[in-house]
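The next block holds one structure in the form of structure tokens; read it before the comments.
Just so you know, these numbers use all the heavy atoms, side chains as well, and skip hydrogens, waters and symmetry mates. So that the names make sense, note that chain A is the first sequence line, chain B the second, and so on, each numbered from 1. Please read all numbers here as calculations on a predicted model, not as lab measurements.
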There are 2 protein chains.
Amino acid sequence: MSAANLRARVRAEMTEEIKAVAKRHLATEGANLSLRAVARDLGMASSAVYRYFASRDELLTALIIDAYDAVGDTAEQAAAAAGSPLQKWLAAGHAAREWALANPHEWALIYGSPVPGYAAPKDTVEPATRVLLLLGAIVAEAYRAGTVAEREPLTGRFAEEIVPLAATYYPDLPPRLIADTIAAFFQVCGAISYELFGQLNNGIVEDRRGFFDYQLRAAAKLAGLTG
Amino acid sequence: MSAANLRARVRAEMTEEIKAVAKRHLATEGANLSLRAVARDLGMASSAVYRYFASRDELLTALIIDAYDAVGDTAEQAAAAAGSPLQKWLAAGHAAREWALANPHEWALIYGSPVPGYAAPKDTVEPATRVLLLLGAIVAEAYRAGTVAEREPLTGRFAEEIVPLAATYYPDLPPRLIADTIAAFFQVCGAISYELFGQLNNGIVEDRRGFFDYQLRAAAKLAGLTG
DNA sequence: CATTTGCAAGAGCAGTGCTCTCGATATGGC
DNA sequence: GCCATATCGAGAGCACTGCTCTTGCAAATG
């Protein structure tokens, strides 16, 4: 390993360290991440951080990508360990919810309102689609197995927009089922977000997991999963 | 009208003016509302604003309450002008979505992630329930009319939590239907939020209204509305 | 050994929320 | 009408933020 590679490795380690501290700050302090505070925690000058991230937004982007990957990982692993498509759906949903409860501010970063003045760069769109692709794969598995009841084809102009989308990502799924899967995905994300963001306070407080499971099954049914 | 009342009226007008400018800033600048910038726009010192709002959070709270009221108003008016429960549901949903598209940052304020370090005070819980109450009333109307198909009763611990909630707000609805209405509400809010927050980019872009209508009908079906 | 490159530190700018003090003005009791 | 009181606006100031620029040091390169 040449010296240049060593330099690059040290740099990568430093970058990871900054992200780690930033995540810790995000978890404890809340969403208004302070680059200076991160630098203080690392015992370095704030200006030194700019050697690794050109701006606070760029650091946030890195955290967003990591968050998409983290929730995607947990959901994929949970789904892989389950049996039937419905069980995979439930496992992935509960895994995502538990990750969100454990990392509320990171969840808010990706599925909450965009950060003030922050425009998501292109680097984030690919990891963002990961969970939706997973859900599509689960539905596709059920569809191939023939357990999805036949549905009326889609009507409406948006159906035409879904067709090329379907061809690219879910070549073996009818557009109608894609639309239903997206809708179910939004439903699950909404259920997680609105529990997390406090819209359930003064309502269900004890058995939130049970209520989420109820919604998760409703979404699964919408996406065509039975059993 | 006594002088004291006049003073109070002037104070109320000033308070409204500050809120109006703050909303304008929210609409143009984004979510990171600057109290100083608002003060500058009003031609007054930043410290003077603190005579009317003890903190930036308090101003935000006022804006949140106004936003809940605004979206509640539009939804209620739209529903009132419609005929059947399903039509009311659709009208309320589309009205909420259009309001959200017209006031994205205000929508993010109430249905997005909570603002950094901001804890919603009790003043906001009552206006927050307004839309959900409207939807509950629509479903209750359909239920009384007998057009809602019978469903299995709820099982699970969260069902017990819904019972007192149901007794308070929807005395004539079975808990199962309440849970379904809440789930449908989350689904609709999620559909609006994730369209607004860009999760639909690179997907459906032309006929977003059509796709929302599709989801809105799915949610209505979940809540028991047919027709 | 000399030079280029990468990195960290510090000062500094413009902006923020918020507090405090100090005058000006208006209100209410006598 | 006069004076005590309450209310309000302005300004200075504190601690903080993101970000830039310059300076100096250390390591890799020739």
Worksheet item: Taking NZ, NE, NH1 and NH2 as the nitrogens, is one of them in B/Glu16 or B/Lys19 under 4.0 Å from a carboxylate oxygen of the other?
Response: yes
Item to complete: Find the distance A/Tyr52:OH to D/dG18:P and express it as a whole number of Å.
Response: 18 Å
Worksheet item: Roughly, in whole Å, what's the span from CD in A/Glu58 to C1' in D/dC19?
Response: 13 Å
Discussion item. How many whole angstroms separate atom CZ of B/Arg9 from atom P of C/dT27?
Written reply: 12 Å
Fill in: Sidechain-backbone polar pair: B/Gln215 side chain, B/Gln187 backbone, donor-acceptor under 3.5 Å
no
Worksheet item: What's the CD-C1' distance between A/Glu13 and C/dC7, to the nearest Å?
Response: 16 Å
Worksheet item: Is the shortest side-chain N to carboxylate O distance from B/Arg209 to B/Asp213 below 4.0 Å?
Response: no
Practice prompt. Describe the nucleic acid contact of A/Leu42 in one word from base, sugar-phosphate, nothing, applying a heavy-atom distance below 4.0 Å.
Written response: nothing
Discussion item. Just N and O in the side chain of B/Arg40: are any of them under 4.0 Å from OP1 or OP2 of C/dT16?
Written reply: yes
Discussion item. In whole Å, I'd like the distance from the CG atom of A/Asp57 to the C1' atom of D/dG18.
Written reply: 10 Å
Worksheet item: Rounding to a whole Å, what distance do you find between B/Arg56:CZ and D/dA15:P?
Response: 21 Å
Worksheet item: Are any side-chain N or O atoms of B/Arg56 and backbone N or O atoms of B/Ser34, one a donor and one an acceptor, separated by less than 3.5 Å?
Response: no
Worksheet item: Where each residue is assigned the nucleotide of DNA chain D containing its nearest heavy atom, which of A/Ser47 and A/Ala37 is assigned the position nearer the 5′ end?
Response: A/Ala37
Discussion item. So does A/Ala54 get a backbone contact from the side chain of A/Glu58, meaning a donor-acceptor N/O pair under 3.5 Å?
Written reply: yes
Worksheet entry | Atom-pair distance (CG on B/Asn32; P on C/dA14), nearest Å | 20 Å
Practice prompt. Grab the CZ-P distance between B/Phe53 and C/dT19 for me, whole Å please.
Written response: 16 Å
Response to the item:
When every non-hydrogen atom of B/Leu132 is compared with those of B/Tyr170, the smallest separation belongs to O-OH, 3.3 Å
Fill in: Touch class at under 4.0 angstrom, heavy-atom based, for B/Leu33 against every strand present
sugar-phosphate
Fill in: Backbone of A/Gly210 reached by a side-chain donor or acceptor of B/Arg157 within 3.5 Å
no
Practice prompt. Summarise protein proximity over nucleotides 22-27 of chain D in one line of letters, 5' to 3': B for base, S for sugar-phosphate only, - for none, counting protein heavy atoms closer than 4.0 Å.
Written response: ------
Worksheet item: For DNA chain D, whose closest nucleotide is more 5', that of B/Ser46 or that of A/Tyr50?
Response: B/Ser46
Practice prompt. Take A/Met44 and A/Arg36, find for each the nucleotide of DNA chain C with the closest heavy atom, and name the residue whose nucleotide sits nearer the 5' end.
Written response: A/Met44
